[in-house]
There are 2 protein chains.
Amino acid sequence: MNRHQKEKADEASGQGRPTLKTLAFMTGLGVTTVSRALKDAPEIGAETRRRVQLVAKQIGYRPNRAGVRLRTGKTNVISLVLNTEHEIMSFVSDIIYGVSEVIADTPYHLIVTPYSRSQDPLDPIRYLVETGSADGVIISRTQPNDPRARYMLERGIPFATHGRTDMGLIHPYHDFDNYAFAAEAVRHLAGLGRRRLALLAPPVELTYHGHTLAGFADALSEVGASEIPFNTVSIDHSIEQIRMRTAQLMRRENRPDGFISSAAAATLAIVAGIEDAGLKLGRDVDVVSKQSSELLHLFRSELLVVNENFRLAGAELARSVLGWIGGAAPGTLQSLSEPGEVQAYRRPD
Amino acid sequence: MNRHQKEKADEASGQGRPTLKTLAFMTGLGVTTVSRALKDAPEIGAETRRRVQLVAKQIGYRPNRAGVRLRTGKTNVISLVLNTEHEIMSFVSDIIYGVSEVIADTPYHLIVTPYSRSQDPLDPIRYLVETGSADGVIISRTQPNDPRARYMLERGIPFATHGRTDMGLIHPYHDFDNYAFAAEAVRHLAGLGRRRLALLAPPVELTYHGHTLAGFADALSEVGASEIPFNTVSIDHSIEQIRMRTAQLMRRENRPDGFISSAAAATLAIVAGIEDAGLKLGRDVDVVSKQSSELLHLFRSELLVVNENFRLAGAELARSVLGWIGGAAPGTLQSLSEPGEVQAYRRPD
DNA sequence: GTGACAATCTGTAACGTTTCAGTATATAGC
DNA sequence: GCTATATACTGAAACGTTACAGATTGTCAC
């Protein structure tokens with residue numbers, strides 16, 4: 001053993017975390033060979049490859065993320081960009097779990113990048129892209145003309161949007177079919193004899209506001225029902241605001257006999273408003289609401305619900321981003337989730 | 001300009017992301033000087049320091065995380081370790097926002113590390129520590145004798161727990177005073193004339209199960225009320241299970257006239273169970289519940305609530321971990337959040 | 001004028017990885 | 001027995017940062 005090799009041995013036998021150098025010393029190979037053997041490069045002999053991989057597994061070698069990232073630029077990070085004011089609560093936890101599920105057996109980590117009201121929504125995206133902090137990005141609260149999607153497309157960074165855009169640009173997305181939801185809800189209410197329907201919609205700036213309104217309008221004319229305008233509030237407004245506006249609306253002459261609500265928390269407010277006005281759910285008015293956890297039926301058994309699965313959305317979004325990173329065509333990474341039927345409460349046996 | 005400098009210039013003027021080399025070229029200084037100037041090292045002249053910092057700000061220099069991490073081992077990452085089955089939904093979103101709030105103007109990123117039922121809770125912690133993936137860790141679902149806390153203490157990695165341990169070891173934590181919560185709830189119910197109280201507790205393995213039980217028991221004997229055992233379910237059980245057990249309990253001869261619930265979602269199930277048994281909230285039985293968002297009063301106005309602020313918890317936990325990383329004594333980074341009063345519903349004007 | 005010393009700045013090496021440009025050995029063609 | 005070629009492996013360099021050990025000034029005492 002010459003002096004050079006002795007030095008290597010001294011260093012590599014240190015009991016810190018194993019590195020390629022450690023493996024190289026243990027196998028008697030060069031670091032380059034070890035590196036290539038671990039990623040199944042063809043120019044490494046089959047036996048050597050097996051041997052290296054065996055030793056690596058035995059001593060629990062894990063590539064140093066900083067080393068890889070510095071050398072290759074690959075971060076092995078997916079960033080989930082969230083609005084700290086307006087995201088739906090169950091959305092956050094479910095989508096995180098959905099994403100986690102998918103990236104669990106990949107080298108990816110999930111980082112959460114928040115932004116608040118005061119900031120330009122583009123800020124966190126710019127930060128991520130400029131600092132190269134993530135290989136892929138997931139955004140929500142998607143707008144028809146979304147500067148974030150445009151920006152990331154320009155920079156060529158893989159992303160997926162929760163909700164669609166409408167800019168004539170192709171990118172991965174996952175969306176719930178809110179057109180179908182609103183249309184189904186209208187039909188269901190019409191089937192119950194309701195003819196004057198109010199819609200508590202998503203905020204105007206989001207794409208699915210348009211989808212929801214379109215489904216609502218189309219089905220209204222299909223069944224011959226009419227709309228009672230209720231557009232002074234959206235599901236982004238506070239519980240108190242929605243409650244107050246609902247109560248006001250329900251005290252009018254021409255009050256609705258049916259409500260459609262795009263979010264569960266808002267539905268609580270609508271019901272409170274209805275009851276503030278002295279009216280009764282199921283008798284004076286029916287309410288169809290989206291929900292992401294099965295709690296609304298406990299709240300008022302008269303409520304009619306349609307489930308939206310955010311965990312599934314998270315998983316789909318993660319798959320889309322990983323797919324794009326992996327080289328798949330963005331156009332093939334789009335999915336739409338169809339709503340189930342409108343569900344009335346069924347008493348447990 | 002000699003050949004050496006020319007090469008440097010060529011490289012540094014490339015329009016990629018600015019590095020120390022870029023700054024060194026622009027200021028005419030060495031990379032070492034620039035590096036030290038940026039961190040206000042005393043051996044750099046005051047004017048040079050200002051000059052470097054000005055240029056850095058102008059061109060938007062941001063240190064490369066991989067470079068720093070590789071060289072120093074510092075990741076600038078805080079990891080939030082979450083159970084994907086049993087975490088309370090609002091807990092996840094609020095705690096994330098609380099943490100985000102605190103780390104917003106630091107170089108820290110937040111990564112979410114999930115684990116599921118099938119895994120040993122120690123697994124994700126071991127992964128984080130062995131791979132050196134985070135400078136600090138936040139865990140929840142803390143147990144009296146918590147192997148995760150013990151493990152991290154042994155390895156010397158800064159962490160904070162949501163909830164306390166009881167191992168005679170000192171570490172940062174943030175906790176809600178569940179002893180006080182349960183005791184206050186009992187007193188309030190006693191004040192309403194309720195004398196046979198049932199408690200829906202946290203799962204036995206968690207530390208705050210003990211705190212809650214102790215507060216419950218102490219206040220029971222203080223006010224001379226008695227316990228109706230209800231320990232076949234915990235707040236970790238499914239909505240259906242809790243509902244069924246509650247209904248069973250309420251159909252017994254010696255049924256409770258008061259409930260205390262440690263979680264809002266479970267309270268929905270309790271109320272459903274009460275009503276399944278044909279009884280009425282506020283008349284036959286009163287329920288005091290913790291909640292983390294102000295929704296229970298919309299659900300049933302007769303409910304009595306105590307608020308627990310998870311966003312605050314997230315912020316406190318983040319402050320604790322950062323404090324420990326920053327060298328503060330772990331014993332000084334512990335905090336307990338006192339519950340507010342039990343609140344009855346007040347009709348909005 | 002010399003030496004000592006502080007003040008300010010600099011080059012080199014290293015963290016762990018991958019890529020580039022090889023080198024050494026064996027096999028085959030003729 | 002010679003070159004050509006494929007196979008299996010290797011060292012050096014680089015990614016951006018910081019720590020270490022100098023190097024270059026200027027100032028001051030004597």
Side-chain angles (χ1 to χ4, degrees), chain A residues 2 4-5 7-8 10-12 14 16-52 56 59-76 107 130-133, chain B residues 2 4-5 7-8 10-12 14 16-52 56 59-76 107 130-133:
Chain A
N2 64 28
H4 191 52
Q5 283 180 326
E7 275 170 11
K8 274 160 107 180
D10 287 350
E11 292 169 20
R17 206 177 134 198
T19 69
L20 288 182
K21 208 195 254 175
T22 320
L23 285 179
F25 173 67
M26 294 180 73
T27 55
L29 299 162
V31 282
T32 305
T33 311
V34 173
S35 172
R36 306 191 65 97
L38 287 176
K39 37 179 63 69
D40 282 320
E43 63 267 45
I44 304 297
E47 198 210 307
T48 307
R49 216 151 58 196
R50 274 199 312 270
R51 196 160 60 90
V52 171
I59 65 171
Y61 167 77
R62 291 178 179 273
N64 179 306
R65 311 189 118 235
V68 175
R69 180 165 171 177
L70 181 57
R71 176 63 233 238
T72 65
K74 183 128 210 286
T75 61
N76 285 310
E130 283 172 8
T131 62
S133 291
Chain B
N2 63 28
H4 191 53
Q5 283 180 328
E7 276 169 13
K8 274 161 106 179
D10 286 349
E11 291 169 22
R17 208 177 132 195
T19 70
L20 288 182
K21 208 196 252 174
T22 321
L23 284 178
F25 173 66
M26 293 181 73
T27 56
L29 298 163
V31 282
T32 305
T33 311
V34 173
S35 172
R36 308 195 60 102
L38 286 176
K39 38 179 63 69
D40 281 320
E43 64 267 42
I44 304 297
E47 199 210 307
T48 307
R49 217 152 55 196
R50 274 200 312 271
R51 197 160 61 90
V52 170
I59 65 171
Y61 167 77
R62 292 178 179 271
N64 179 305
R65 313 190 115 233
V68 176
R69 181 164 169 178
L70 182 56
R71 177 65 234 243
T72 64
K74 182 125 209 284
T75 62
N76 285 309
E130 281 172 9
T131 62
S133 291

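Just so you know, these numbers use all the heavy atoms, side chains as well, and skip hydrogens, waters and symmetry mates. In the text below, chain A, chain B and the rest are named by the order of the sequence lines, each starting its count at 1.
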TODO: Could you tell me the separation between the CG atom of B:Asp40 and the P atom of C:dC9, rounded to a whole number of Å?
DONE: 14 Å

Open item on the list: Looking at D:dT10, I'd like to know if its phosphate oxygens (OP1 or OP2) sit under 4.0 Å from a side-chain N or O belonging to A:Thr33.
Closed with: yes

Task: Spacing of A:Arg69 atom CZ relative to C:dT18 atom P, expressed in whole Å - done: 15 Å

TODO: Find the distance A:Lys39:NZ to C:dT17:P and express it as a whole number of Å.
DONE: 9 Å

Open item on the list: Could you tell me how far apart B:Arg36 (CZ) and C:dG11 (P) are, to the nearest whole angstrom?
Closed with: 15 Å

Task: Donor-acceptor pair, side chain of B:Thr72 and main chain of B:Val68, under 3.5 angstrom - done: yes

Task: Nearest-Å distance for atom pair OH/P, residues B:Tyr61 and D:dG16 - done: 10 Å

Task: Under-4.0 Å side-chain N/O to phosphate OP1/OP2 contact, B:Ser35 with D:dT18 - done: yes

Task: Flag if over 12 foreign heavy atoms under 6.0 Å of CD, A:Glu43 - done: yes

Open item on the list: Here's a test of your reading of the structure: between B:Gly28 and B:Thr72, which maps to the more 5' nucleotide of DNA chain C?
Closed with: B:Gly28

Task: D:dA8 phosphate, OP1 or OP2, under 4.0 Å from A:Thr48 side-chain N/O - done: no

Task: Main-chain N/O of A:Leu70 paired with B:Arg69 side-chain donor or acceptor, under 3.5 Å - done: no

Open item on the list: Between P on C:dA24 and CG on A:Leu29, what's the gap in Å once rounded to a whole number?
Closed with: 17 Å

Open item on the list: Donor-acceptor pair, distance only, cut-off 3.5 Å: does the side chain of A:Arg49 make one with the backbone of A:Ala41?
Closed with: yes

Task: Integer-rounded Å distance: D:dT24 P and B:Glu43 CD - done: 19 Å

Open item on the list: Considering every strand and a 4.0 Å limit on heavy-atom distances, what is the contact class for A:Leu20: base, sugar-phosphate, or nothing?
Closed with: base

Task: Given DNA chain D, 5'-ward residue of the pair B:Gly67 and A:Thr32, judged by closest heavy atom - done: A:Thr32

- [ ] Please state how far atom CZ in B:Arg62 lies from atom P in D:dC15, giving the value in whole angstrom units.
- [x] 22 Å

TODO: Without swapping roles, check the side chain of A:Arg17 against the backbone of A:Arg62 for a donor-acceptor pair under 3.5 Å.
DONE: yes

